[in-house]
There are 2 protein chains.
Amino acid sequence: MSLWSRTRNAVHGEITRTAMELFLTRGFDATTIDEIAAAAGISRRSFFRYFGTKEDVVLGDLIARGEEIRQALEARPDGEEPWTALCNALHSVKDTAYDDDTMLAIFRMVHGTPSLRARSIEKHLQWQALLTPEVRRRLGADPADPFDVRADALVATVITCLDVAGEAWTRGDGAVSLEDLFDAAAAAVRPPGSRAVP
Amino acid sequence: MSLWSRTRNAVHGEITRTAMELFLTRGFDATTIDEIAAAAGISRRSFFRYFGTKEDVVLGDLIARGEEIRQALEARPDGEEPWTALCNALHSVKDTAYDDDTMLAIFRMVHGTPSLRARSIEKHLQWQALLTPEVRRRLGADPADPFDVRADALVATVITCLDVAGEAWTRGDGAVSLEDLFDAAAAAVRPPGSRAVP
DNA sequence: GCCTTATTGACACTGAGTGCCACCCGGGCA
DNA sequence: TGCCCGGGTGGCACTCAGTGTCAATAAGGC
């Protein structure tokens, strides 16, 4: 890793820390980019050289997380059913950057701020695009057939279950683990013992 | 209906027509609110008295559509399985305001414009909040239990299937009907013959 | 020490959205 | 007829996100 990218990462991290602290105390909408820039000791213009939007400070690493999930999915054995493989892939990825309480606060902020919520869902749509090809392959579907929606439906549903679990997690103050809630959501959609389309 | 609400509806419709024509020819982002206001013969300020955001011109009636779906769901027989009832409720609601070609263009615009896409998903989240209570009732779930995610998962998944179908519909230029694509997506998630959790 | 290159900060600008206030128009009232 | 009153309207100014431009500057190679 070059000096250039090291300093860039350092600045990136510094902005993230500073901004997240402001967000969690004052609220997301009540924090302007000028305030973040001032607190981080950079210019407003430089902020936008590190983050495309204000939302990206909070949701920036969701893209990277999507890539991790893709790799986890491809690592699942070929014999596994697509649905099971997807669930397992999602299980294998955890967020380690924050402790549980901070995580809860962030989730609440994301769910309570429309612009953040929307961006978060956009990122999830990007996950779908990332995961669908592998599921198509496992289903033996024609990669180019626009009318074979099976893979898209499976991927979108699994991610939706994760969303539902996340919302229930915040509603319940984190008393039940995100993993358990996800499993419950997945089980409700596709009852265990149900069989795939031949 | 009073004179007041009639004139208000007329202005509302006039703005919608004018704006949609601009959107579909120039593109959504390339059309400013000043241009819409000028073309509709009102002031920029008045535009915001009829629509909260630019996106609402395109997606405004999605809230009403959600209410229709809720009523359709409540009209389904009590004995019907929640999943089936949801699918049937969604089937019973159609958009009649535009012809198929215009509908396709609008879909494409929504899917191709990030801000529109995000808002559209937000509206779908509102649908979820609208439909979940009835599904909870049908499942015999405690309305206040934050950890019973079954209803949320079912509702969110059905709407996700509609989203997937919509995207496939635009990708395939509308060659296969939205209804059929929705059925295919729903079938992929919950294979026919699968049984609900007891 | 000089030249090249990339990062930065400053400034200006667009465009969405909001608050404020004066204006106008129609209805009610004396 | 003249006055008042209330709601819709337009105009203005403002905030804030996001983008383009350009000069200054600092770092690295020669």
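Every chain is numbered from 1, with letters handed out A, B, ... down the list of sequences.
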Does a side-chain N or O from Tyr50(B) land closer than 4.0 Å to OP1 or OP2 of dT9(D), or not?
yes

Phe48(B) vs Gly41(A), nearer the 5' end of DNA chain C by closest nucleotide
Gly41(A)

Would you kindly check whether a donor in the side chain of Arg45(A) faces an acceptor in the base of dG18(D), or vice versa, at under 3.5 angstrom?
no

Phe47(A) atom CZ is separated from dT7(C) atom P, nearest whole Å, by 18 Å

Among dA16(C), dG10(D), dT21(D), which is the nearest nucleotide to the side chain of Arg49(B)?
dG10(D)

Which ones in residues 29-36 of chain B lie close to DNA chain C, meaning a heavy atom under 4.0 Å from one of its atoms?
Thr31(B), Thr32(B), Ile33(B)

Between dT9(D) and Ser43(B), is there an OP1 or OP2 to side-chain N/O distance shorter than 4.0 Å?
no

Closest nucleotide among dA10(C), dG19(C), dG18(D) to the Arg44(A) side chain
dG18(D)

If you look at every heavy atom in Ala185(A) and Val164(A), which pair is closest and at what distance?
CB-CG1, 4.4 Å

State plainly whether the residues Glu179(B) and Lys94(B) are in salt-bridge range, i.e. N to O under 4.0 Å.
yes

Does any donor atom in the side chain of Asn88(B) or Glu80(B) lie under 3.5 Å from an acceptor atom in the other side chain?
yes

Which residue, Ile42(B) or Glu55(A), contacts DNA chain D at a nucleotide closer to its 5' end, judged by nearest heavy atom?
Ile42(B)

Nearest-neighbour nucleotide for the Ser46(B) side chain, dT9(D), dG9(C), dT18(C) considered
dT9(D)

Can you see whether Thr160(A) engages Asp163(A) through a side-chain donor-acceptor pair at a distance of less than 3.5 angstrom?
no

Cation over ring, Arg190(A) on Trp83(A), under 6.0 Å and within 45°?
yes

How about Arg70(B) and Glu134(B): do any of their side-chain heavy atoms sit closer than 4.5 Å?
no

Within this structure, what is the NZ-to-P distance between Lys54(A) and dT19(D), rounded to whole angstrom?
15 Å

